[in-house]
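Counting starts at 1 for both ligands and their atoms, following the listed order. Every heavy atom of this structure was used, including side-chain atoms; hydrogens, water molecules and symmetry mates were not. Position 1 is the first residue of the sequence, and the numbers go up from there.
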Amino acid sequence: MSPTPVDLTAAENLRVLGRVLAPLVAQGAIVRRPRATAWAERHQTDRTARTVLADLRARYGGAPLVVRIGSRRLVVVTEPEDVRRLLEGSPEPFTPATKEKRAALAHFQPEGVLISSTAERWHRRPFNEAVLQTEQAVHDDGPAVVDAVQHGAAELTQRLDSTGRFDAQSFTDAWWGIVLDVVLGPKARDDRELVAMLDALRRDANWSWLHPRRSGLCDDLESRIASYVLTPDPQGLAAAAHRCGPATAVGQVPHWLFAFDAAGAATLRALAMAAARPAVRERLLAEAEPAGPAGGPAGDSAPALLPYARACVLESLRLWPTTFAVLRDSTGPTEWGERTLPTDTGFAILSSFFHRDPARLGHADAFVPEAWLDGRNNADWGLIPFSGGPVACPGRNVVLLVASHLLTRLAARDLRVARGRYLARDPVPATMDHLGLRFRSAGEA
Ligand code: HEM
């Protein structure tokens, strides 16, 4: 029988709030705050958080930890079997539409599937799966996706040719061009006003209940998205969304745009590893040959799968998860061990604790993309970069397609990353501030 959840002592509770949860909230759950992410890296906050949770797991024999946050009870699980129970039991009796997520995400995606009721999810989830082609490694629109990547990569390499360097900000500018192109079509590529609207609402969302909702701005964002979805470019996710149901699409696209931000962070960190480790770069380049980084000139043929590049992105997500916590609320009384937890109890799976747990993983703190290719990482419910079970990320294959092709194209340039020696060897840092990454061409000082 699964161990009974334990109430933490006041001192333990304070330690979890201060050393585990507060640094995550400070960095911004919905959009990262640059000063806070730099602070988190300086203090390697994920290492401290993992130590706190590992101590509590040892002390309580793997029992879920009941943390008090005011009047709210949050059950933090520490064993993969408990992760499995929560994820397989979604959306009922464990809904992903938790109080915290609804309060935050409603600022810019009130109709998003992740915060939908089980009844609304009934049609919104299949819609997402149909447009994103969840089960397909390479989306039917793959050639257009790779065209968009090629365009964004060219922007960055031009900058590299003229200045010899680029930083996270220039990467992000190019990344948004790719994202707008992939999601809304080429005519949206330069629509930075849309990005500014989304960013403003995401910053509000970081404050959750504490910030009033700006319904006018949210409506403006929706209208802007509708203008692309209702008369879409022939290629891109907007066209597929239009075919599958334009009315549903407009409510789902804000999540897609928002979620691509995480994919940019993962790609940037993977690129840092490729720049710091010649063996990683060589493998990326070998995989891209002979057809070239995008699997040949863009056209109608399906792009290359690039398994090693995908594995590098997955490894970046394992080591530095972009979803800090996967949250659930119970939809009814929950029997757990010898205890019955009331309806609306919150549950949390803290990704970086599970992803780097040396008790389960020999390669916990090492950069080992191979572990995604040889099956080592597949059978572990604790490794959940894209979550798992019926609510798992339906966009994972689209993400890996975009990210792997961009990574391969950029790795083709001989880059150096600032503080490369620090990243060149294992163990890798527990916390990596992607917003602080800077690259230069090999010849540059
Ligand atoms: C590196 C990038 C991404 C990561 C790490 C990621 C990860 C996740 C995670 C952990 C969840 C939560 C599932 C849960 O609560 O169990 C999720 C949900 C979701 N993701 Fe992603 N995601 C990424 C990018 C994307 C993109 C680009 C799209 C769309 C194009 C997307 C579409 C979705 C949707 C629609 C959901 C909600 C699923 C549901 O409620 O059924 N994601 N993702």
Side-chain angles (χ1 to χ4, degrees), residues 29-30 83-92 94-98 100-102 104-105 109 111-118 120-134 139 141 145 148 175-176 178-184 236-238 240-241 248-249 251-270 310 312-329 346-352 354-355 381 383-404 406-407 434:
I30 306 299
V83 173
R84 177 186 192 150
R85 176 169 179 190
L86 292 172
L87 297 186
E88 283 190 334
S90 304
E92 300 274 353
F94 302 113
T95 176
T98 66
E100 292 78 10
K101 251 188 269 175
R102 275 184 284 138
L105 296 181
Q109 48 157 304
E111 291 168 21
V113 60
L114 194 54
I115 54 167
S116 297
S117 66
T118 304
E120 292 160 331
R121 164 175 288 282
W122 188 246
H123 71 278
R124 289 178 182 165
R125 172 80 197 189
F127 173 86
N128 275 275
E129 290 185 2
V131 176
L132 301 172
Q133 299 183 343
T134 301
H139 197 279
D141 276 327
V145 168
W175 178 256
W176 272 114
I178 296 173
V179 172
L180 290 167
D181 194 336
V182 167
V183 176
L184 298 173
L237 299 179
T248 309
Q252 304 308 308
V253 168
H255 183 94
W256 303 351
L257 294 170
F258 147 72
F260 258 118
D261 194 11
T267 311
L268 199 54
R269 290 188 178 115
R310 289 167 88 102
C312 286
V313 176
L314 282 165
E315 188 63 347
S316 157
L317 286 167
R318 178 183 74 80
L319 292 165
W320 303 286
T322 51
T323 306
F324 292 148
V326 174
L327 302 175
R328 295 289 183 265
D329 275 358
F347 293 84
I349 304 162
L350 297 170
S351 315
S352 86
F354 282 101
H355 286 191
W381 273 92
L383 294 180
I384 48 159
F386 289 104
S387 189
V391 174
C393 178
R396 60 189 176 269
N397 272 320
V398 170
V399 167
L400 293 175
L401 178 65
V402 174
S404 60
L406 184 61
L407 174 63
H434 67 285

Metal check, atom 21 (Fe) of ligand 1 vs H255 N/O/S, cut-off below 2.8 Å: no

N/O donor-acceptor pair under 3.5 Å between S351 side chain and T323 backbone: yes

Flag, side chain of E129 to backbone of P394, donor-acceptor distance under 3.5 Å: no

Residue L132 vicinity, atoms of ligand 1 by number, heavy atom under 4.0 Å: 29 (C), 30 (C)

Test side-chain contact (heavy atoms from CB on, under 4.5 Å) applied to V398 and V145, step by step: CA-CA 9 Å; V398 170; V145 168; 5.6 Å; no

Contacting atoms of ligand 1, where contact means under 4.0 angstrom from a heavy atom of P394: 19 (C), 20 (N), 33 (C), 34 (C), 35 (C), 36 (C), 38 (C)

Ligand 1-proximal atoms of Q252, by part, heavy-atom distance under 4.0 Å: neither

Sub-3.5 Å N/O-N/O distance, T323 and ligand 1: no

Non-hydrogen atoms of R121 and L114 that approach each other most closely: NH2-CA, 3.9 Å

Whether R124 lies under 4.0 Å from ligand 1, heavy atom: no

Spatial distance of atom CD1 (I384) from atom CZ (R84) [nearest 0.5 Å]: 13.5 Å

Region of V326 engaging ligand 1 - heavy atom pairs below 4.0 Å: side chain

Residue, atom name and distance, where the atom is the protein heavy atom closest to atom 42 (N) of ligand 1: C393 SG, 3.0 Å

Steps toward side-chain contact (heavy atoms from CB on, under 4.5 Å) verdict (E111, E120): CA-CA 9 Å; E111 291 168 21; E120 292 160 331; over 6 Å; no

Atom 37 (C) of ligand 1: nearest protein contact (heavy atom, Å): V113 CG1, 3.7 Å

Minimum side-chain heavy-atom gap F386-L314 below 4.5 Å: yes

Student check: side-chain heavy atoms of V113 and Q252 closer than 4.5 Å: yes

Backbone or side-chain N or O of N128 under 3.5 Å from ligand 1 N or O: no

Under-4.0 Å heavy-atom contact with ligand 1, by part of K101 that carries it: side chain

Donor-acceptor contact below 3.5 Å, side chain R102 vs main chain A97: yes

Per-residue contact class, V399 against ligand 1 - non-hydrogen pairs under 4.0 Å: side chain

Pair D261-W175, side-chain donor/acceptor within less than 3.5 Å: no

Sub-3.5 Å N/O-N/O distance, W256 and ligand 1: no

C312 backbone acceptor or donor facing S316 side chain under 3.5 Å: no

Parallel, tilted or perpendicular, as decided by the 30° and 60° cut-offs, for the rings of F94 and F347: perpendicular

Contacting atoms of ligand 1, where contact means under 4.0 angstrom from a heavy atom of S387: 10 (C), 13 (C), 14 (C), 16 (O)

Min heavy-atom dist V398 to ligand 1 below 4.0 Å: no

Heavy-atom nearest neighbour in the protein, as seen from atom 40 (O) of ligand 1, with distance rounded to 0.1 Å: R121 NH2, 2.7 Å

Numbered atoms of ligand 1 (with element) below 4.0 Å of T322, judged on heavy atoms: 5 (C)

Residue A263 vicinity, atoms of ligand 1 by number, heavy atom under 4.0 Å: 1 (C), 2 (C)

R318 to H355 - nearest heavy-atom pair and separation: NH1-O, 2.8 Å

Heavy-atom side-chain proximity of V326 to L86 below 4.5 angstrom: no

Element-labelled atoms of ligand 1 that are located less than 4.0 Å from some non-hydrogen atom of R125: 38 (C), 39 (C), 41 (O)

Residue part near ligand 1, for A259, under 4.0 Å between non-hydrogen atoms: both

Heavy atom of the protein closest to atom 4 (C) of ligand 1 (residue, atom name, distance): F386 CE2, 3.4 Å

Mode of R328 contact toward ligand 1 - side chain, backbone, both, neither (heavy atoms, under 4.0 Å): side chain

Whether P385 lies under 4.0 Å from ligand 1, heavy atom: yes

